[in-house]
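In what follows, every chain begins at residue 1, and chains take the letters A, B, ... in the order their sequences are listed.
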Protein chains: 2
Amino acid sequence: MLHVAEAARVSVATVSALINGTATVSPELSQRIEQAIRDIGYKRNAIARSLKMGTTRTIGLTVPHITNPFFTDVVSVIQQAFDRAGYAVMLCCTDEHLNTQDDQIRLLLDRMVDGLIVARVGDGAILKRIVDDANVPVVLLDRVCQGVDTDAVVLDNQRAVFDAITYLIDLGHRRIGYISGSFDISPMHDRMAGYREALQAAGLPAETELVRFGNFHEVDGYNATMQLLSLHDRPSAIFSANNPMVIGTMKAIRDIGLSCPEDISVACFDDFPWSDVFRPQLTTVAQPVQAIGEQAANLLLDRLAGNRDAPPRKLTLKGRLMIRNSCRPPGAIAQSVSA
Amino acid sequence: MLHVAEAARVSVATVSALINGTATVSPELSQRIEQAIRDIGYKRNAIARSLKMGTTRTIGLTVPHITNPFFTDVVSVIQQAFDRAGYAVMLCCTDEHLNTQDDQIRLLLDRMVDGLIVARVGDGAILKRIVDDANVPVVLLDRVCQGVDTDAVVLDNQRAVFDAITYLIDLGHRRIGYISGSFDISPMHDRMAGYREALQAAGLPAETELVRFGNFHEVDGYNATMQLLSLHDRPSAIFSANNPMVIGTMKAIRDIGLSCPEDISVACFDDFPWSDVFRPQLTTVAQPVQAIGEQAANLLLDRLAGNRDAPPRKLTLKGRLMIRNSCRPPGAIAQSVSA
DNA sequence: TGACATGATCGAAACGTTTAGATTAGCGTT
DNA sequence: AACGCTAATCTAAACGTTTCGATCATGTCA
């Protein structure tokens, strides 16, 4: 900017005023300055500007897995929204790893992001401290966090799973395996609650042997399913509480020589683009990814626009059961085994 | 830092020296300073540091689509690599849109990223100018660009498609539909060349009616497939040059009342995690995503480590044909699945 | 004992902006 | 002619670091 000012024979203040439109600059000087800017190929240095202004027009976004299609879609929507608003997005994947998450959030805060959208991992205590320290607005995505009192966008997980399990029960299933993600994040709690609630509403017992836990990865789903299928009295249907794990479920079913939906019914959380075209077409709980991403972005943009003092807002969206053909009434095979 | 210095009764220079280890600080002062840092909860301001140092320890990464599993996986690997190296990653999705890409790269450069990894879109001329202007290292990913002479990681696309098409020919197919992405990016060129080469090697004619173009999206694959299937003499196999488009292909096949692989064989570029478990299990060309991501990261990290003047390096990796059961000899109805 | 190398510490300038407040010029009032 | 008002422009101080060169004890050697 100094060079531009010299070339145009004006002060840097005038150059700044012209660029930002913060003061009127005479046509004559404007022209000289614009010419100089072109000649020199000047670009404003956003770092220096950030230092002075105390804002970077950048937000941080952390998600557990970028390969999980749910997060992929949401990230995409969020990215577009902030793009439109002139913000850059720093993306971090925590890989469901607690330390990584903490480090990355600190990294983002060091870089003075103006705001944070966090699909958190693990225990909330550290997150709480970090969020309290940071004096930037934070929006929690998908996973809320006791004690962290801030804006959030979540799904009505309990209701969504209740609907799905009830659907299975209505088909005639009595023994329904349930594969949960690890329990330290809110959705897994709520989804499990939905499972239990549905069983109870139908007067079915909650048998612990039918519930397995995994760490969200395909391999966890595989192992969990293997255990469920080797039970003495094995379930006639399996519900997987997240998407990558259901792939493991399908692989386990295949490897054990069964097939879906003939021998066993399968449903899962999170829809994905392929569910429609391949067989079996999976029955899933679809999250409104577009809305989730947009709402999260809007919450943060609203705070960034200055609305700092409004009380925390928690938005709860509804999932939708996408009934396809991976579930059937329990068949002869399942019956005979259980008899 | 000023507050820390005051609290510890030292100068800011000493605080800086201690934090960065750039000079020896007596144990006594070290202790006072560390105490003050803890008391105050001081965090170094990375923006001010960047301004002074001229480096942000942040890189920019632009991809066309984050919902394409190929890019998702590569992004994930790159993100991890830079994470390990202490860099942050700014991710931008250009949505295959040229203007968006140019804007976003400018945005990234304004923010003084230390380097750039670009899976480019569209004509290279503007990109070339941007890259020349930016005096940061740039690595091209997946898509090279005539005239832009910089590091790159690409696939041997021609060979990969040659292998895939030859496989179809060996199965007995003579009319093989080919759905290409738009032609302004290098991989689509090379993949098409592989298609033509395979036909030629087998002495088959290159019929233009069998080749369709789309813009990488599912809907484009759908339309292209509809056209191919309504040909008077319709193809017995279809190869889709990218992954999202093949979903459209499968939907079109379903909607028109055919089934794969009984009535028509399908193969495509880019593997995805589901290909193994759902039917038909798609035969795909798998890219070595892990290697691609790592190599791209390494090329850039090497430049960032100071190796600026080495001549541009272009790494070409090999794809792998994953033969599953979405392709059969033409007209072979109800043959038992063996592969 | 004086000269001098050594090691620890500090003062101050610089990075490239923004902006409050000072300065100046032009012009209409009285 | 002196005055005040407005609009345009400039000066200079920040923002929070890093770093160069200066300063100042302290111990070593001739």
Between [Y] and [X], is there a salt bridge with N-O shorter than 4.0 Å?
X        : Y        : value
A:Lys128 : A:Asp132 : yes
A:Asp302 : A:Arg313 : yes
A:Asp151 : A:Arg303 : yes

- Return yes when atom CD of B:Gln31 has more than 12 non-hydrogen atoms of other residues, nucleotides or ligands closer than 6.0 Å, and no otherwise. no

- Task: Using a 4.0 Å heavy-atom cut-off across all strands, classify A:Ser16 as base, sugar-phosphate, or nothing.
- Result: base

- Query: Base, sugar-phosphate, or nothing: which does A:Ile47 touch, judged by heavy atoms less than 4.0 Å apart?
  - Reply: nothing

- Task: Looking only at side-chain atoms of A:Asn45, point me to the closest of C:dT17, C:dT19, D:dC10.
- Result: C:dT17

Measure [atom1]/[X] against [atom2]/[N] and give the value in whole Å, please.
X       : N      : atom1 : atom2 : value
B:Lys52 : D:dG16 : NZ    : P     : 16 Å
A:Met1  : D:dA12 : CE    : C1'   : 15 Å
B:Arg9  : C:dC10 : CZ    : C1'   : 16 Å
A:Lys43 : C:dT17 : NZ    : P     : 12 Å

- 5'-most contact on DNA chain C: B:Ala48 or B:Val12, nearest heavy atom basis? B:Val12

- Let me know, please, whether B:Val10 or A:Arg49 comes out on the 5' side of the other along DNA chain C by nearest nucleotide. B:Val10

